[in-house]
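These notes are about the structure you will find just below.
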Amino acid sequence: MEEIKNYINGELLPAVSGRRLDNFAPATGEVYSHLPDSGEQEVAVAIVAAQTAFPQWSSLAAEERSRYLFRLADLIEQRAEELALAESIDTGKPVALARAVDIPRAVSNFRFFAAAATQFASESHATGKQAINYTLRQPVGLAGCISPWNLPLYLFTWKIAPALAAGNCVVGKPSELAPMTAYRLAEICRAAELPPGVLNIIHGTGERAGAALVAAPQIPAISFTGGTKTGAAIAAVAAPRFKKLSLELGGKNPVLVFADCDYPAMLRTTLRSSFSNQGEICLCGSRLLVEASLYEKFKKDFVAAAAALKVGDPLLAETQLGAVISRQHLEKILSYVDLAQREGGRVLCGGHPVKVAGRCAHGWFMTPTVIADLPPACRTNQEEIFGPVVSLAPFESEEEALQLANNVPYGLAAIVWTENLTRAHRLAHGLQAGMVWINCWMLRDLRTPFGGMKNSGVGREGGWEALRFFTEPKNICVKLRESPQSGSLPNHD
Ligand code: NAD
C-alpha cells in the first residue's frame with residue numbers, strides 16, 4: 001500500500017508524529033494508500049524551507065523561473081497517462097475525463113504561467129513634467145495554496161503555477177480526500193530539480209494542516225478553493241492578520257434555456273454541464289430554467305438522456321459517471337434527494353445509489369438525478385449539492401428567468417442558451433455571476449478572470465489577476481523637477 005509523503009525542502013517525508021490518514025478509492029470503497037496526518041509542526045518546517053529558498057527564487061530572472069515551470073509542464077505531460085489513472089482511482093472520476101480534462105489542464109496551467117511570467121509588466125504614471133511614478137510588482141513572499149478534491153491536480157496547479165511564476169515560494173495543501181497526484185507532482189518537482197523549498201506540499205486534514213497554514217504569520221497570502229463554509233472560516237482567521245485572500249467557493253449555477261436555442265447543442269452540453277465529473281464541478285449548472293413553451297419537450301428529452309448515461313467502473317472507456325468522492329458525500333447527496341421530496345419535488349429519474357458489479361461492488365455510485373416541481377426558495381434550490389442532481393423549472397419571460405437565476409446566495413457561473421444575441425448580452429449584464437457562458441459551457445481561456453461574486457467568493461484567478469494577487473504593488477514616485485509651488489506650500493498626505 002503506497003505511503004504518500006510530504007514534500008518539504010525538496011525531500012519526501014512522513015508526518016513528524018508518524019501519524020497517517022487512510023486514503024480511499026471511491027470506486028471500490030477500499031483504503032488503498034495512506035497520507036501523512038500533518039499539522040503545525042510540518043507546516044512550520046515547510047515555512048522555514050520556503051523562507052530560505054525565497055531570496056534566490058525571487059531574484060531569478062523571470063525567464064529562469066519560466067524555464068522551471070515549462071519543465072514541470074513537460075514532465076507532467078510525459079507522465080500524463082499514469083497521472084490520469086491516479087486521478088481516476090483517487091477521486092472515482094472516469095479515467096477518460098481525467099485524460100481529457102484534468103491532466104492536460106495541469107500541463108496548461110504551468111505552460112500558461114511560465115509564459116505569462118515573462119510578459120507580466122507594471123504601470124507607470126507621469127505626473128506632468130514634475131515626477132514619474134512607477135509601480136513595482138514584488139512577490140508577496142510565501143503563498144499558502146489550499147485546494148479541493150474535485151479537480152485535484154488541475155486546481156492545485158492553477159494556484160501553484162502563478163504563485164511560483166510571480167517569484168513566491170509556496171506551501172501547498174491538497175485535499176486529504178484526493179492527495180495522490182499532488183504527491184506525484186512532488187516527485188516531478190524533484191525530477192525537474194526545482195530548488196528545494198520553492199514548493200512544499202503538506203498533506204493532512206483541513207482542521208490541522210490547513211488551519212496551521214492559514215494561521216501562520218509568515219504567510220501573507222492565502223489562495224483557497226473549496227466550500228463556502230470553509231472559506232468563511234478561513235476568512236475569519238485571515239482577516240485580523242490582514243492576509244491577502246483569494247477565495248473560490250461554491251456555486252448553485254443557473255442554466256437559462258430559451259425556446260429559440262440551438263436545441264441539439266443545448267441538450268448535449270446541458271447533459272455535460274449537469275453531470276460531468278458526477279456533478280462535482282463548481283461550474284456545473286444545477287438549476288435548469290427552461291422557457292415554458294419548450295419545457296415539456298426539454299423535460300422528456302433531458303430525462304431520457306440523463307437516464308441513459310452510463311454509471312460504472314471509472315476505468316472502463318464507456319463509463320460516463322464514476323463514483324462520488326466519499327461515502328459521506330454520497331449520503332449528503334442522497335439526503336438532498338429526500339429533502340427535495342419533502343419540499344414538494346418530484347424525482348423524474350435517478351435519486352438512488354447504484355450497485356456496480358465486480359470490483360466496484362462496494363463503491364459510492366449514484367444515478368444522474370433530475371427533480372421537478374420544486375419551489376425556487378426551497379433549500380434544494382438554494383444550497384449547493386455538488387453531485388449529479390439538477391432541478392428543472394419553467395419560466396414565462398426573460399425577466400422571470402433573470403429573477404429566478406439571481407435568487408440564490410451564490411454567484412459563480414451562469415449559462416444562457418438562446419440564438420437571440422441581444423437578449424443574451426442583456427441577460428449577461430443582469431446575471432449575478434462571475435462568469436457567464438453563452439451557448440457553451442467550460443469553454444476556458446486562461447487569460448480571463450475566474451471566480452465568483454456573493455457567497456461564491458472573493459477575488460479572481462486566471463491571467464494577470466492571479467499574478468496581481470501573488471504580488472504586492474509598490475508605487476515609487478521620482479521627482480524630476482521643482483514645481484512652481486514647491487517649498488511654498490506644506491506637503492500633503
Ligand atoms: P472543503 O472546503 O471541505 O475543503 C477544501 C480544502 O480546504 C481541503 O484541502 C481541506 O482540507 C481544506 N480545509 C478544510 N477546512 C479548513 C480550514 N479550517 N482551514 C484551512 N483549510 C481547510 O471543500 P471540498 O469539499 O474539498 O470541495 C468542494 C467545494 O469546493 C464545493 O463547495 C465546490 O463548489 C468548491 N469548489 C469551488 C471551485 C471554484 O473555483 N469556485 C472549484 C472547485 C470546487
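In each ligand, atom 1 is the first atom listed, and ligand 1 is the first ligand listed.
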Tell me which protein heavy atom sits closest to [atom], plus the residue, atom name and distance to 0.1 Å.
| atom | answer |
| --- | --- |
| atom 2 (O) of ligand 1 | Thr230 OG1, 2.6 Å |
| atom 28 (C) of ligand 1 | Phe386 CE2, 3.6 Å |
| atom 7 (O) of ligand 1 | Phe224 CE1, 3.1 Å |
| atom 24 (P) of ligand 1 | Trp149 NE1, 3.3 Å |
| atom 40 (O) of ligand 1 | Phe450 CE2, 3.2 Å |
| atom 34 (O) of ligand 1 | Glu384 OE2, 2.5 Å |
| atom 27 (O) of ligand 1 | Pro148 CB, 3.3 Å |

N or O contact, Lys173 vs ligand 1, cut-off under 3.5 Å: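 It does: an N or O of Lys173 is found under 3.5 Å from an N or O of ligand 1.
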Close N or O approach (Gly226, ligand 1; < 3.5 Å):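 Between Gly226 and ligand 1, an N or O pair is found under 3.5 Å apart.
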Enclosure of Arg241 CZ (heavy-atom neighbours >12, cutoff 6.0 Å):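 For Arg241, atom CZ is crowded (more than 12 foreign heavy atoms under 6.0 Å).
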Keeping [X] on the side-chain end and [Y] on the backbone end, is there a donor-acceptor pair under 3.5 Å?
| X | Y | value |
| --- | --- | --- |
| Ser456 | Gly411 | yes |
| Ser88 | Ala84 | no |
| Gln218 | Gln51 | no |
| His203 | Ala182 | no |

Residues forming a side chain to side chain donor-acceptor pair (under 3.5 Å) with Asp90, sequence neighbours excluded: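 Partners of Asp90 under the side chain to side chain donor-acceptor pair (under 3.5 Å) test: Asn23, Tyr32.
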Residue-level breakdown please: for [X] versus ligand 1, do any non-hydrogen atoms fall below 4.0 Å on the side chain, on the backbone, on both, or on neither?
| X | value |
| --- | --- |
| Leu249 | backbone |
| Leu155 | side chain |
| Asn150 | side chain |
| Glu176 | side chain |
| Ile234 | side chain |
| Thr225 | both |
| Pro174 | backbone |

Glu383 bridged to Lys252 by N-O distance under 4.0 Å: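 A salt bridge is absent here (no side-chain N lies under 4.0 Å from a carboxylate O).
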Sidechain N-carboxylate O distance under 4.0 Å for Arg184, Glu187: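 Salt bridge: yes.
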For atom 20 (C) of ligand 1, the option (of Cys284, Ala212, Cys282, Gly210) bearing the nearest heavy atom: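 Residue with the shortest heavy-atom distance to the ligand atom: Gly210.
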Nearest candidate to atom 29 (C) of ligand 1, where distance is taken over non-hydrogen atoms, out of Gly144, Gly206, Gly227: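 Residue with the shortest heavy-atom distance to the ligand atom: Gly227.
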Decide whether the shortest distance between a heavy atom of [X] and an atom of ligand 1 is less than 4.0 Å.
| X | value |
| --- | --- |
| Ala211 | yes |
| Ser147 | yes |
| Ala233 | no |

Contacting atoms of ligand 1, where contact means under 4.0 angstrom from a heavy atom of Leu412: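 Atoms satisfying the 4.0 Å criterion: 41 (N).
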Sub-4.0 Å atoms of ligand 1 with respect to non-hydrogen atoms of Val214: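 Near Val214, meaning under 4.0 Å from one of its heavy atoms, ligand 1 has 20 (C).
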Chi angles and distances behind the side-chain hydrogen bond (donor to acceptor under 3.5 Å, both in side chains) call for Ser391, Asn381: CA-CA 7 Å; Ser391 68; Asn381 261 333; 2.7 Å; yes
Between Lys159 and Thr225, a side-chain donor and acceptor under 3.5 Å: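 Per modelled atom types, Lys159 and Thr225 side chains form a pair under 3.5 Å.
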Ala161: side-chain contact (heavy atoms from CB on, under 4.5 Å) partners, not counting sequence neighbours: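 If we apply the side-chain contact (heavy atoms from CB on, under 4.5 Å) test to Ala161, skipping adjacent residues, the hits are Phe110, Phe113.
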Atom 4 (O) of ligand 1 protein-contacted (non-hydrogen atom, under 4.0 angstrom):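 No; the ligand atom in question lacks any protein heavy-atom contact below 4.0 Å.
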Interatomic distance, Leu392 atom CG to Ser274 atom OG [nearest 0.5 angstrom]: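 That separation rounds to 8.5 Å.
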Working for salt bridge (Lys or Arg N to Asp or Glu O under 4.0 Å), residues Glu42 and Arg19: CA-CA 12 Å; Glu42 292 79 3; Arg19 276 173 34 184; over 6 Å; no
For Ile103 against Leu153, the heavy-atom pair lying closest together: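 Residues Ile103 and Leu153, closest heavy atoms: CD1-CD2, 4.1 Å.
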